[in-house]
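Worksheet for the structure shown next.
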Amino acid sequence: MEPWQVLAILYRGGEAAKQEPRLLGTVENELGLRPWLESQGHELIVSDSKEGPHSDLAKHIVDAEVVITTPFHPGYLTRDLIDKAKNLKICITAGVGSDHVDLNAAVERKIQVMEVTGSNVSSVAEHVVMSILLLVRNFVPAHEMIERGDWMVSQIARNAFDLEGKVVGTIGAGRIGYRVLERLMPFNTKEHVYHDYIALSKDAEQAVRARRVEDVKDLVSQCDVVTVNCPLHEGTRNLVNADLLKHFKKGAWLVNTARGAICDKDAVAAALKSGRLSGYAGDVWNVQPAPKDHVWRTMKNPLGGGNGMTPHYSGTTLDAQARYAAGTRTILENYLNGKPQDLANIIVGIGKYETKAYGQR
Ligand code: NAD
């Protein structure tokens with residue numbers, strides 16, 4: 001068998017990765033793949049350099065047969081780069097969400113795109129529930145007040161509410177969206193609604209007290225809390241824009257851990273500033289790492305709170321990293337041995353989309 005060149009674009013872990021070997025998804029710890037791949041005679045190139053024509057991604061994509069990327073530090077596989085990738089057969093996303101690959105170009109070039117489906121969906125669902133709570137309960141300004149040495153309960157309580165009795169809606173009711181609704185059940189919310197072109201079964205709806213709403217404008221107009229849990233594709237890019245935000249209830253909370261580009265950056269910042277939104281939280285940014293001056297880092301509601309943004313880490317807990325590193329290895333082993341892949345992991349098969357989640361075609 002010919003040796004392959006495997007290129008992995010991962011995030012740099014620095015000191016933390018040296019001290020914590022379970023940070024598998026880092027440049028330093030290489031998803032634990034090197035000893036095994038090299039024992040099979042293959043070459044592994046690992047880097048975090050991904051931007052521009054002189055990056056390692058642009059340089060090594062030319063010869064690589066396999067590219068491994070991660071949504072946390074997305075190596076953007078544009079049509080341009082895919083055109084240059086003369087040997088590329090398979091792109092593997094170590095994690096969930098493969099929008100950083102030009103999927104249409106991959107279909108045309110018959111390059112497979114796989115991800116480790118399900119590997120971090122509980123991790124993200126927990127983060128969504130946490131983010132909903134921290135916005136609704138006005139947690140961040142309360143903590144900041146304590147760190148500053150101040151104590152003025154009324155300043156926090158004037159914008160703090162209970163999640164109990166609120167209507168929560170999800171855009172996308174797949175693995176993450178559904179798990180969010182499951183995890184909200186003990187909170188005695190008033191109602192759960194969802195918008196997804198794939199309907200849940202009646203049993204699944206009943207189990208999480210969910211009602212489907214056909215139109216996304218209708219959905220957001222009914223919700224106190226909206227959470228975005230669909231992939232980024234042509235039909236969801238910029239979906240939450242100034243026009244849709246007008247249909248939100250005044251003072252609603254919005255949580256997006258799906259992809260930054262699903263929400264219009266400036267429209268969200270303006271809605272928070274004006275108080276149309278009481279809060280926005282999530283960990284995903286359109287272009288990562290986010291620039292230092294990205295407005296979502298510091299935006300606030302009129303009372304000085306409502307920002308629950310973090311770097312992209314909800315799906316890269318140490319537990320999640322163990323799962324997506326193992327899943328990446330399984331995909332590679334199947335590829336190496338010509339064994340069939342788990343269908344659930346295939347986003348793009350040979351020349352066609354295998355998933356229904358990246359838009360209705
Ligand atoms: P999934 O495929 O199980 O579910 C996605 C659901 O979204 C599907 O039911 C699909 O029909 C629905 N959908 C697609 N387009 C839609 C639209 N226009 N309107 C409404 N619904 C639509 O995927 P999942 O495992 O739940 O993951 C969802 C997304 O979350 C991923 O694609 C990824 O972008 C993001 N994600 C983020 C992190 C993180 O660390 N922040 C980690 C994992 C996944």
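Atoms considered below: every heavy atom in the structure, side chains included; atoms not considered: hydrogens, waters and symmetry mates. Both counts, for ligands and for their atoms, begin at 1 and track the order of listing. Nothing fancy with the numbering, it's 1 onward along the sequence.
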Please report whether ligand 1 has a polar contact with S314, defined as an N or O pair separated by less than 3.5 Å (distance criterion only). yes

So do the side chains of L134 and V140 get within less than 4.5 Å of each other, counting heavy atoms only? yes

With a 4.0 Å cut-off, would you call E182 and R179 a salt bridge? no

Plane angle bin for W285 and H294 - parallel if under 30°, tilted between 30 and 60°, otherwise perpendicular: perpendicular

Does ligand 1 come near enough to I176 that some N or O of the ligand is less than 3.5 Å from an N or O of the residue? yes

Looking only at protein heavy atoms, what sits closest to atom 43 (C) of ligand 1 is N120 OD1, 3.2 Å

Would you call the rings of Y11 and F72 parallel, tilted or perpendicular if under 30° counts as parallel and over 60° as perpendicular? perpendicular

Using a 3.5 Å distance criterion without hydrogens, assess whether the side chain of D224 forms a donor-acceptor pair with backbone atoms of V167. yes

Nitrogen or oxygen atoms of H312 and ligand 1 under 3.5 Å apart: yes

I'd like to check whether T316 has a polar contact with ligand 1, where a contact means an N/O of the residue lying under 3.5 Å from an N/O of the ligand. no

Below 3.5 angstrom, do we get any N/O pair linking K356 and ligand 1? no

Would you say G359 has any N or O atom under 3.5 Å from an N or O of ligand 1, going by distance alone? no

